[in-house]
Structures are given as C-alpha cells and as structure tokens.
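Working notes, beginning with the structure itself.
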There are 2 protein chains.
Amino acid sequence: MSKSTTRVVSALKRAGGFASAQEVHQLMVRQGDRIGLTTIYRALQNLLDENVVDLLRRDGGEAIYRLCGEEHHHHLRCKRCGKTVEISDRAIEKWAREVAGEYGFRDVGHTAEFFGTCSEC
Amino acid sequence: MSKSTTRVVSALKRAGGFASAQEVHQLMVRQGDRIGLTTIYRALQNLLDENVVDLLRRDGGEAIYRLCGEEHHHHLRCKRCGKTVEISDRAIEKWAREVAGEYGFRDVGHTAEFFGTCSEC
DNA sequence: ATTGTTGCAAACCATTTGCATACGT
DNA sequence: ACGTATGCAAATGGTTTGCAACAAT
C-alpha cells in the first residue's frame, strides 16, 4: 500500500462516514496535505480491490466510499433551514438485516437520508 | 403526458426489465421510432417525477429505469450479481417518523437503498 | 537502471442545457 | 399567435487515462 493510499485511508477515518473522492480531496487539502485528485481516485480504486472500502452511490450517481466495517450514522435534515442532526442507525440496521434475511441476503448494508421540517420552521 | 413520453413508456414495457436511457433510445430507433436522445432523458425525468418509473444504478454509475407500482418502496440489491428485489417500506417509514419526532421534525421523508450478497452469490 | 508513484492536462461518457425549429390548439 | 415539445450541438461534471517528471530500491 503506497504512502498516499495510507493518507487517503486516514482521511476517510477523519471523514467518519461516506465521502466522495472530491470530498476526500478537499478534506486533505484543507488540512494541508498536498495531493492530487487523480491520486485519490487511484488510491480509492486500490482500496476497493483490496476490500478495504465499500463503494456506494449518491442520488446523482456520484461514487461515495467508506471504510468497511465502520459504524455509521444518518442525517436528519430540515428542508427549510438546513439544520441537520445525526441519528443512530441501530434500529434501521437491525430492521435491514431482518428484512434482507427474508430474501436470503447476507452482509447487508444500506444508505439512507431523512429530511423533514424542524420545530423552528 | 406528452406523446413521446407515452412512447417511452411503451418502449420500457417492451424492454421488460431495467434499461438505461441510451438503451431505450437504441431500442426505439431500431424499431423505427424516430426520437432524439434528449427527449428520452426528458421523458424519463418526467416519469420519475410522476413516480411511473424507478431509478437504479448500474455498477458504473449509469442510471437504469423500470416501470414500477406507485407504492413507496426500497430496493435490496446484490453487490455481486446485481439482482434486485423491492421491499416494503412500512417499517422504515414508521421508524423514521418516530425518530424524527424525537427531534421535533415533521413531514418526514427519506431515501434509502439496501445492498448485500444474495443467496446464490 | 529499473520499477513504481504522482499529477497535470486532455479524454471520456452519461447526462443536462441553450437555443432555434416545428407542433398543437 | 401562443405556449409547449423536440433535437441538435455545446456545456457540465464526475471519473479515467496519456504522459512526462519524480522518487525509491
């Protein structure tokens, strides 16, 4: 694993959940880590090949990555003011496993986003 | 619903399962239906807005569409072979409302995708 | 010296948009 | 005549690739 690939892993750790290649890049550059976008894409490709990260897609089709086995949370965002809170995903995780099991699926993961109107709006 | 939108629906019926915009276009043109790719994209966008079609993504990120029922549901997709089943969303809907309520949110909606490994893979 | 790593710029490809033409009422 | 629908060509945006400079063994 090359040096920059290691740096990408640690950036993903810092990001905490899902992040796109471009977001990883911004995060690293903002923290003074000089690296090219191309290198990030190549590092993420390697990490995929080695099953170190999972690849998912956002609604627009953009690829997002996260370290395998990492716990994650979801966001509940207000459509009006943009206020966002993190919510635990224990319940949905359990539910997903149950439902998936009914269809014979294993190793079940998910992406989810919640949005509504907050109390102040 | 415009005339070309109707033609796109019938092409999707003919396609039978999932098809990308480009595939729908080829299918129509091959069968003598003169239509531009742009119009297909616009028709599919309308059909999405009216919940007539489902949008999913192939591994490369390419959008694929299929006709669907009107009920709100989610997809459980195999990471290896791409097999996809629709799952009811009653449970997650209820759960989302409960959790959101704890934070004072109203009118809660969500997006969710589930993925895993199916029994044959 | 050889091999692998990096990053800029250009290429790629699915999708979207600007705009001028053609259609429906 | 008016608003809408259409499609070509150009723009967009995420991702990949060609290539030359660079580092490591």
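Below, chain A is the first sequence line, B the second, and so on; all start at residue 1. Hydrogens, waters and symmetry mates play no part in the numbers below; they use all other heavy atoms, side chains included.
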Kindly say if [X] contacts the phosphate of [N], meaning a side-chain N or O under 4.0 Å from OP1 or OP2.
{"X": "Ser4(B)", "N": "dT6(D)", "value": "yes"}
{"X": "Tyr41(A)", "N": "dT16(D)", "value": "no"}
{"X": "Ser2(B)", "N": "dT6(D)", "value": "yes"}
{"X": "Thr39(A)", "N": "dT6(C)", "value": "no"}

Roughly, in whole Å, what's the span from [atom1] in [X] to [atom2] in [N]?
{"X": "Asp59(A)", "N": "dT15(C)", "atom1": "CG", "atom2": "C1'", "value": "15 Å"}
{"X": "Lys3(B)", "N": "dG7(D)", "atom1": "NZ", "atom2": "C1'", "value": "16 Å"}
{"X": "Leu37(B)", "N": "dT6(D)", "atom1": "CG", "atom2": "C1'", "value": "13 Å"}
{"X": "Met1(A)", "N": "dT5(C)", "atom1": "CE", "atom2": "P", "value": "12 Å"}
{"X": "Gln45(A)", "N": "dT6(C)", "atom1": "CD", "atom2": "C1'", "value": "17 Å"}
{"X": "Tyr65(A)", "N": "dG14(D)", "atom1": "OH", "atom2": "P", "value": "13 Å"}
{"X": "Leu44(A)", "N": "dT6(C)", "atom1": "CG", "atom2": "P", "value": "13 Å"}
{"X": "Glu23(B)", "N": "dC13(C)", "atom1": "CD", "atom2": "C1'", "value": "14 Å"}

Checklist entry - Which one, dG14(D), dA9(C), dC8(D), comes nearest to the side chain of Arg42(B)? => result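 From the listed options, dC8(D) comes nearest.
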Item to check | Closest listed nucleotide, where the reference is the side chain of Ala63(B) and the choices are dG7(C), dG7(D), dT15(C) | outcome: dT15(C)
Checklist entry - Where each residue is assigned the nucleotide of DNA chain D containing its nearest heavy atom, which of Thr38(A) and Gln22(A) is assigned the position nearer the 5′ end? => result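 Here Gln22(A) is the residue nearer the 5' end.
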Checklist entry - Judged by modelled atom types alone, do Gln22(A) and Tyr41(A) share a side-chain donor-acceptor pair under 3.5 Å? => result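 Side-chain D/A pair, Gln22(A) to Tyr41(A): present.
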Item to check | Pair Arg42(B), Thr38(B): side-chain N/O donor-acceptor within cut-off below 3.5 Å | outcome: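 Note: Arg42(B) and Thr38(B) side chains miss the donor-acceptor criterion.
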Item to check | Distance (rounded to the nearest 0.5 Å) between Lys3(B) NZ and Thr6(B) OG1 | outcome: 9.5 Å
Checklist entry - In Å and rounded to the nearest 0.5 Å, what is the CZ to CG distance from Arg14(A) to Leu27(A)? => result 5.5 Å
Next on the checklist: What's Arg34(B) touching, base or sugar-phosphate or nothing? Going by heavy atoms closer than 4.0 Å.
Outcome noted: sugar-phosphate
Next on the checklist: Regarding Ser20(A), tell me which of base, sugar-phosphate or nothing describes its non-hydrogen contacts under 4.0 Å with the strands shown.
Outcome noted: nothing
Next on the checklist: Is the shortest side-chain heavy-atom distance between Leu76(B) and Phe115(B) below 4.5 Å?
Outcome noted: no
